[in-house]
Amino acid sequence: MAPVPAQQRFGPHWQTGSADAIYQSFDLIRSERPDLVVVFGADDVYRMDPAQMIERHLAWGAGVTVAAIPVPRASAASFGVVRPAPDGHVIEAFLEKPASPPALPGRPDEAFASMGNYVFDREVLVEALRADAANEDSQHSIGGDIMPMLTRDGAAHVYDFLQNEVPGAGGQDHGYWREVGTLDSYFEAHMDLCAAQPVFSLYNEQWPILTHVPPQPPAKFILEDGDRTGQAVNSVVSNGVIVSGGLVRESVLSPGVRVDDRATVDHSVVLHNTRIGPRAVVRNAILDKNVVVAEGATVGVNQEQDRERGFTMSEGGITVVGKGRVVEP
């Protein structure tokens with residue numbers, strides 16, 4: 001597996017949609033000539049064994065198979081929604097962000113949301129992308145254009161993500177999926193990690209998450225002197241973090257973060273190398289990399305003040321401080 005950089009194979013412009021992004025990488029498909037092309041979205045959090053989905057795809061003789069998961073029908077309008085045929089896997093309709101999502105059979109309050117994970121037969125994908133590229137009215141989107149096209153051709157099937165069995169996953173962790181395309185969903189995905197029994201567990205040794213671990217020392221908690229106690233509760237703390245006489249609750253601290261004397265970080269996501277100064281308070285916030293919260297300053301405590309400072313506010317009331325900002329009292 002190798003990462004593929006953005007291409008400009010058909011002129012001086014970047015991709016205009018997810019389908020065009022693949023179309024601009026046609027040279028890779030032609031040179032490798034794979035039997036299947038697997039396309040997975042990069043803005044979701046989940047655990048999955050793709051081999052099980054590929055096995056179903058081959059058994060059905062599908063042109064394309066999309067993974068889907070039941071979601072509350074009331075929130076399904078922000079996704080691509082699948083209406084399966086009576087056999088449960090042939091797709092009768094694929095609707096991109098429909099105003100009135102079709103319910104699952106026998107489950108009027110649920111709809112089948114596309115996860116953005118696809119397995120394509122190579123030739124089916126190549127023909128569909130060529131036809132889409134020639135269509136001037138297309139938005140060149142996999143969900144908005146390619147999937148409806150292949151559904152009309154009878155080539156599209158759906159794989160129920162809840163049937164995917166990952167070793168070591170159980171309880172709330174089984175079937176966990178969160179799309180993180182908004183500030184609030186990004187924030188909540190981090191909060192899912194913080195509970196004593198996390199909704200999404202990072203500690204499944206049978207199916208580990210393989211990622212880059214920076215070569216920094218372990219996290220360190222120092223000072224125990226009255227209210228100057230360095231501690232973190234119900235939190236995820238990365239390498240290189242030093243909590244020096246401050247308190248961290250229900251938060252995720254990225255590598256290299258510093259939390260100083262009598263500072264409080266509560267219900268927040270703090271990215272790399274950010275500094276929380278003495279007596280500062282950070283609450284209900286996302287701090288981007290290299291932010292400095294000066295001594296005695298606050299973030300997320302007074303939303304009106306945060307807006308006046310030019311900070312972004314999510315729909316759910318989370319304060320977002322941009323990369324490298326210095327927050328003064």
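This chain uses plain numbering: 1 for the first residue, then up along the sequence.
- Side chain of Ser251 to main chain of Arg249: a donor-acceptor pair is present (N/O by atom type, distance under 3.5 Å, no hydrogens or angles).
- At least one side-chain heavy atom of Leu253 sits less than 4.5 Å from a side-chain heavy atom of Val259.
- Look at Asp261 and Arg228 and you find a salt bridge, because one of the NZ, NE, NH1 or NH2 atoms lies within 4.0 Å of a carboxylate O, short of that distance.
- Two rings, from Trp207 and Tyr46, have their centers 6.0 Å or more apart.
- Summarising the local packing, CG of Asp87 is surrounded by more than 12 heavy atoms from other residues, nucleotides or ligands at distances under 6.0 Å.
- Asp173 and Arg47 are joined by a salt bridge, as a carboxylate oxygen and a charged side-chain nitrogen come within less than 4.0 angstrom of each other.
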Inset, instruction - Evaluate side-chain contact (heavy atoms from CB on, under 4.5 Å) for Val241 paired with Val248, printing each intermediate quantity in order. - result: CA-CA 12 Å; Val241 170; Val248 179; over 6 Å; no
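- Two residues are said to be in side-chain contact when any heavy atoms from C-beta on lie closer than 4.5 Å; Leu95 and Pro102 meet this criterion.
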Legend entry - Step-by-step side-chain contact (heavy atoms from CB on, under 4.5 Å) determination, Val282 to Thr264: CA-CA 6 Å; Val282 175; Thr264 300; over 6 Å; no
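- In summary, Glu110 and Arg73 do not engage in a salt bridge, as defined by a charged side-chain N under 4.0 Å from a carboxylate O.
- No single ILVMFWY cluster, assembled from side-chain heavy atoms under 4.5 Å apart, contains both Leu223 and Val243.
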Legend entry - Trace of the side-chain contact (heavy atoms from CB on, under 4.5 Å) decision for Val64 with Asp121: CA-CA 6 Å; Val64 60; Asp121 176 86; over 6 Å; no
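- For Arg178 and Glu188, the salt-bridge test fails: no basic side-chain N is under 4.0 Å from an acidic carboxylate O.
- Side-chain atoms of Met147 and Tyr118, non-hydrogen and from C-beta on, do get closer than 4.5 Å to each other.
- The closest donor-acceptor contact from the side chain of Thr274 to the backbone of Leu271 lies under 3.5 Å.
- Using modelled atom types, no side-chain atom of Arg83 and backbone atom of Ala103 make a donor-acceptor pair closer than 3.5 Å.
- With no hydrogens or angles considered, no side-chain donor-acceptor pair links His272 and Asn290 at under 3.5 Å.
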Inset, instruction - Kindly determine whether Asp260 and Arg275 satisfy salt bridge (charged side-chain N to carboxylate O under 4.0 Å, His left out), including the steps that lead there. - result: CA-CA 8 Å; Asp260 290 338; Arg275 182 72 177 258; 2.7 Å; yes
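- At distances below 3.5 Å, not a single donor-acceptor pair connects side-chain atoms of Ser114 with backbone N or O atoms of Val81.
- When the side chains of ILVMFWY residues are joined at heavy-atom separations under 4.5 Å, either directly or via intervening members, Val66 and Val124 end up in a single hydrophobic cluster.
- A donor-acceptor distance shorter than 3.5 angstrom exists from the side chain of Asp306 to the backbone of Gly300, with no hydrogens or angles considered.
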Inset, instruction - Please report the C-alpha distance between Asp43 and Tyr186 in whole Å, then the side-chain angles of each, then the deciding distance to 0.1 Å, and finally whether the side chain to side chain donor-acceptor pair (under 3.5 Å) criterion is met. - result: CA-CA 9 Å; Asp43 57 353; Tyr186 173 86; over 6 Å; no
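- At distances below 3.5 Å, not a single donor-acceptor pair connects side-chain atoms of Thr65 with backbone N or O atoms of Ala62.
- Checking side-chain atoms of Glu32 against main-chain N and O of Pro34 turns up no donor-acceptor pair under 3.5 Å.
- Taking the six-membered ring where the residue is Trp, Trp60 and Tyr159 present tilted rings, their angle falling between 30° and 60°.
- In this structure, the side chain of Ser235 engages the main chain of Val233 through a donor-acceptor pair within 3.5 Å.
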Inset, instruction - Might you work through the side chain to side chain donor-acceptor pair (under 3.5 Å) test for Asp132 and His140, ending with a clear yes or no? - result: CA-CA 6 Å; Asp132 178 73; His140 308 300; 2.9 Å; yes
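- Remark: aromatic rings of Phe161 and His174 are distant, center separation not under 6.0 Å.
- Arg258 contributes a side-chain N or O that, together with a main-chain N or O of Gly256, makes up a donor-acceptor pair within less than 3.5 Å.
- In this structure, the side chains of Val45 and Trp177 stay at 4.5 Å or more apart for every pair of heavy atoms.
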Inset, instruction - Check the pair Asp49, Gln52 against side chain to side chain donor-acceptor pair (under 3.5 Å), reporting the backbone distance first and the verdict last. - result: CA-CA 6 Å; Asp49 177 4; Gln52 297 173 33; 3.0 Å; yes
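- Side-chain atoms of His89 do not come within 3.5 Å of backbone N or O of Val158 as any donor-acceptor pair.
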